[in-house]
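What follows is one structure encoded as structure tokens, with my remarks underneath.
Worth saying up front: this structure is predicted, and the values here are computed from it rather than measured. Residue numbers start from 1 in every chain, and the chains themselves are labelled A, B, ... in the order their sequence lines are given, proteins ahead of strands.
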Amino acid sequence: MAAGLASLRGLSVLLAALVLSGCDLGASRRAPDVGPGGGNRIDPALSGDGRLLASVLERDGQGQVIVQQQPGRGLRPLRLRRRQPHGSPSLSWNGRYLAVLVQEGAQRRAVIEDRLRGRLLRLPLPPGSQPERLSLASDGTRLAVQLLRNGRRQVEVFDLRGLLERDLPPGQAVLGGGAGQP
Amino acid sequence: MSPPRAQASCPPLVALAAAALLAAIAGCGGERPRPLVGLNRQLAGEDSSREPALAGRWLALISTREGRDRVQLVDVERNAQLPLPGLNRPDAQLLSVSVDLAGERLALVRQLEGRTELVLYQRSQGSLRQLPISPAGVPRRVQLRADGRQLAVEVSRNGLWQIDLLSLP
């Protein structure tokens, strides 16, 4: 009898655990530290495959974009060390492309770093407008830009085909474009 | 006899130079981002739009009209806006939005009745649920991973901005 009660109690504990885990929204963790000194970490952006996390580290009044391998691994090198403050990073699927806002003199500019080829592409934007936020499509075919123009905020989307090669998940073919293909 | 030969070779040279110039111009044209005119015109119809988030064919953003914020989800390939029943509230101020690659999940940060909250919306179900932030903090910006199974959230704690990574079932 006692053994039966004990097993019933065990079963109810197990059921309660299962119910609770079913309600759980998942684990939360802090993005890994980036060395001594601390500072604000803002503008998180995950690559499409989730292996990389870009963010802006604010130290001494400057913002520098950093790219970290997940989970909790080291920093990936970037060409963008100058032209600070950086802002609004956005990564493509494998993290080949990093779109980010940089400062060049008095101008805020949108650039894309091709981390595979080590190139930095400047994106000409409509004159009289200042870019404030960026979002790069994970395959690198489009870029959405929040522009400030005449005191008004406006999102505009740009087609980057012909400018960037596509950054696709491994094994995913680019459709079309071949002989006899649409 | 040589001058006539030179004259005869001039037209091909000129043609070659013109072709090279055209190719150069075409090359330059290919290196400029091309605006999606129809979509941009549609977005310009709002009082303002901000916080864009692209994922595949989907563009999520916050637009404001007559002082009210709302989340919009646009199919960029069809240039069509999708309905988001149960998501937008006239009394909410929106801070950030993100969408997954399937266009199924949207994460957003909003201020409602004095509180700032992180919520997840599932389009096929029209369901909305608040996501807890632990340890407690105030969220500002959010980004969903392409598969919608992880969130990166900018959170203010003890006077410092930090980034939390939240796994979703």
Exercise for the section: Taking Q146(A) for its side chain and E51(B) for its backbone only, find out whether a donor-acceptor pair lies under 3.5 Å. Expected result: yes

Problem - Residue, of G56(B), A152(B), S134(B), that accumulates the most heavy atom pairs under 4.5 Å with chain A - result: A152(B)

Problem - Pairwise side-chain contact, E154(B) with D43(A), heavy-atom cut-off 4.5 Å (strictly under) - result: yes

Problem - Region of R41(B) in contact with chain A, defined by heavy-atom distances below 4.5 Å - result: neither

Completion exercise
Only residue of R152(A), E156(A), Q154(A) satisfying side chain to side chain contact (heavy atoms under 4.5 Å, CB included) with S49(B) is Q154(A)

Handout entry: Closest non-hydrogen atom pair, P52(B) against S135(A)
Key = O-CB, 3.4 Å

Exercise for the section: Indicate if L112(B) and L128(B) have the same hydrophobic cluster label, given that clusters are the connected sets of ILVMFWY residues with side-chain heavy-atom separations under 4.5 angstrom. Expected result: no

Exercise for the section: Please check if L147(A) and L123(A) belong to a single hydrophobic cluster, counting links between Ile, Leu, Val, Met, Phe, Trp and Tyr side chain heavy atoms closer than 4.5 Å. Expected result: yes

Practice task
Return yes when atom CG of N158(B) has more than 12 non-hydrogen atoms of other residues, nucleotides or ligands closer than 6.0 Å, and no otherwise.
Solution key: no

Exercise for the section: Mark yes or no for whether N40(B), through its side chain, and V157(A), through its backbone, hold a donor-acceptor pair below 3.5 Å. Expected result: yes

Exercise for the section: Look at the side-chain heavy atoms of Ile, Leu, Val, Met, Phe, Trp and Tyr, link any pair under 4.5 Å apart, and say whether L95(B) and L73(B) land in one connected group. Expected result: no

Exercise for the section: Sort S47(A) into side chain, backbone, both or neither according to what part of it lies under 4.5 angstrom from a heavy atom of chain B. Expected result: backbone

Practice task
Find out whether V155(A) and E46(B) are in side-chain contact, i.e. whether some heavy atom of one side chain is under 4.5 Å from a heavy atom of the other.
Solution key: no

Problem - Same apolar cluster: L84(B) and V99(B), side chain cutoff 4.5 Å - result: yes

Exercise for the section: Report the distance from atom CD of Q143(B) to atom OG of S55(A), rounding to the nearest 0.5 Å. Expected result: 11.5 Å

Practice task
Please report the shortest heavy-atom distance between G48(A) and A146(B), naming the atom on each side.
Solution key: O-CB, 3.4 Å

Exercise for the section: Could you tell me which portion of L43(B) (side chain, backbone, both or neither) has an atom closer than 4.5 angstrom to a non-hydrogen atom of chain A? Expected result: both

Practice task
Report yes if some heavy atom in the side chain of R145(B) is under 4.5 Å from a heavy atom in the side chain of Q70(A); otherwise report no.
Solution key: no

Completion exercise
With chain A, the option among L39(B), D47(B), L59(B) that has the most non-hydrogen atom pairs under 4.5 Å is D47(B)

Problem - V145(A) with L121(A), same ILVMFWY side-chain cluster at under 4.5 Å - result: yes

Exercise for the section: Please flag which part of V37(B) lies under 4.5 Å from any non-hydrogen atom of chain A: side chain, backbone, both or neither. Expected result: neither

Problem - Residue, of P35(B), S96(B), G159(B), S98(B), that accumulates the most heavy atom pairs under 4.5 Å with chain A - result: P35(B)

Practice task
Might you confirm whether atom CZ of R57(B) has over 12 heavy atoms from other residues, nucleotides or ligands at distances under 6.0 Å?
Solution key: yes

Practice task
Quick one: closest heavy-atom pair of W161(B) and I42(A), and the distance?
Solution key: CB-CG2, 3.7 Å

Exercise for the section: Using a 4.5 Å cut-off on heavy atoms from C-beta on, say whether the side chain of L136(A) contacts that of L54(B). Expected result: no

Practice task
Give, for atom CZ of R32(B) and atom CG of L125(A), the distance between the pair rounded to the nearest 0.5 Å.
Solution key: 9.0 Å

Practice task
May I ask you to test the L101(B)-W93(A) pair for a side-chain heavy-atom distance under 4.5 Å?
Solution key: yes

Handout entry: Interface moiety of A55(B) toward chain A, non-hydrogen atoms closer than 4.5 Å
Key = neither

